[in-house]
Amino acid sequence: MVLHAKSTFLSLITNQRLRHIFTPWHIIVDFEEQNITLRKRNWFLISVDEKTSSFRYVRDLEIDKHLFGADIKIKLSGSYIEANTIS
């Protein structure tokens, strides 16, 4: 089972993140392959930056809820990934 969520237009506007309207965050959680993928289009709108990590490297998960959307911070064994205003 694969779950996919992304930043919506409404959540980006209400959380005052207007500069990310053309480059929203996408988070994909794949339970079959047990990995988490974070995707975001770069500022030049040419390519997509992608970070993929396995479930076994996840050390901490922090969710900060807003009225529209939530910020997700995932701490890994050596770094962290962050997706803002996910619906």
Side-chain angles (χ1 to χ4, degrees):
M1 183 168 111
V2 178
L3 295 176
H4 181 266
K6 73 173 202 168
S7 301
T8 61
F9 183 75
L10 178 65
S11 66
L12 288 169
I13 288 176
T14 56
N15 292 314
Q16 301 173 351
R17 299 188 190 244
L18 297 175
R19 64 179 189 215
H20 298 288
I21 287 178
F22 296 114
T23 60
W25 285 274
H26 296 263
I27 188 163
I28 303 162
V29 180
D30 189 356
F31 291 103
E32 295 171 0
E33 297 197 19
Q34 296 184 351
N35 59 18
I36 300 171
T37 304
L38 178 72
R39 301 179 76 193
K40 186 171 183 355
R41 185 168 297 280
N42 65 6
W43 289 107
F44 303 112
L45 304 176
I46 295 173
S47 66
V48 176
D49 297 333
E50 185 174 303
K51 296 178 183 177
T52 303
S53 181
S54 179
F55 284 171
R56 64 178 169 220
Y57 297 118
V58 174
R59 298 294 179 237
D60 188 28
L61 177 68
E62 181 181 334
I63 299 174
D64 183 19
K65 295 181 183 178
H66 303 290
L67 185 59
F68 294 102
D71 296 342
I72 300 171
K73 296 177 185 174
I74 303 170
K75 184 176 180 181
L76 304 170
S77 60
S79 63
Y80 73 96
I81 55 178
E82 181 176 353
N84 294 319
T85 63
I86 296 293
S87 60

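All values reported here derive from a predicted model rather than from experimental measurement.
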* To do: Under the side chain to side chain contact (heavy atoms under 4.5 Å, CB included) rule, collect the residues that match up with Leu18, sequence neighbours excluded.
  => Ile13, Ile21
* Asked: Excluding sequence neighbours, so at least two apart, what forms side chain to side chain donor-acceptor pair (under 3.5 Å) with Ser79?
  -> none
* **Flag, side chain of Arg56 to backbone of Ser53, donor-acceptor distance under 3.5 Å** => no
* Taking only residues two or more places apart in sequence or in another chain, which ones pass side chain to side chain contact (heavy atoms under 4.5 Å, CB included) with Leu45? -> Phe22, Thr23, Arg41
* **Side-chain cluster (under 4.5 Å, hydrophobic types only) that Ile28 belongs to, other residues** => Val2
* Excluding sequence neighbours, so at least two apart, what forms side chain to side chain contact (heavy atoms under 4.5 Å, CB included) with Tyr80? -> Glu82
* Structure fact -> salt bridge (charged side-chain N to carboxylate O under 4.0 Å, His left out) pairs touching residues 11-29, sequence neighbours excluded, are Arg17-Asp71
* Please list all pairs passing the salt bridge (charged side-chain N to carboxylate O under 4.0 Å, His left out) test where one or both residues lie in residues 23-37, with sequence neighbours left out. => none
* **Ser11: partners by side chain to side chain donor-acceptor pair (under 3.5 Å), with sequence neighbours left out** => Thr8
* To do: Using the test side chain to side chain contact (heavy atoms under 4.5 Å, CB included), find all partners of Gln16 that sit at least two apart in sequence or belong to another chain.
  => none
* **Backbone of Phe68 reached by a side-chain donor or acceptor of Asn15 within 3.5 Å** => yes
* Mind checking what makes ring-ring contact (aromatic ring centres under 6.0 Å, His included) contact with His66, not counting sequence neighbours? -> none
* Structure fact -> Nearest heavy-atom approach of Ile86 to Trp25 is CD1-O, 3.8 Å
* To do: Check whether any side-chain N or O of Ser87 sits under 3.5 Å from a backbone N or O of Ala5 as a donor-acceptor pair, and report yes or no.
  => no
* Asked: Sequence neighbours excluded, which residues qualify as side chain to side chain donor-acceptor pair (under 3.5 Å) partners of Asn42?
  -> Ser47
* To do: Please name the pair of heavy atoms, one in Asn84 and one in Ser7, separated by the smallest distance, quoted to 0.1 Å.
  => O-OG, 2.8 Å
* **With Glu50 via salt bridge (Lys or Arg N to Asp or Glu O under 4.0 Å) - residues at least two apart** => Arg39
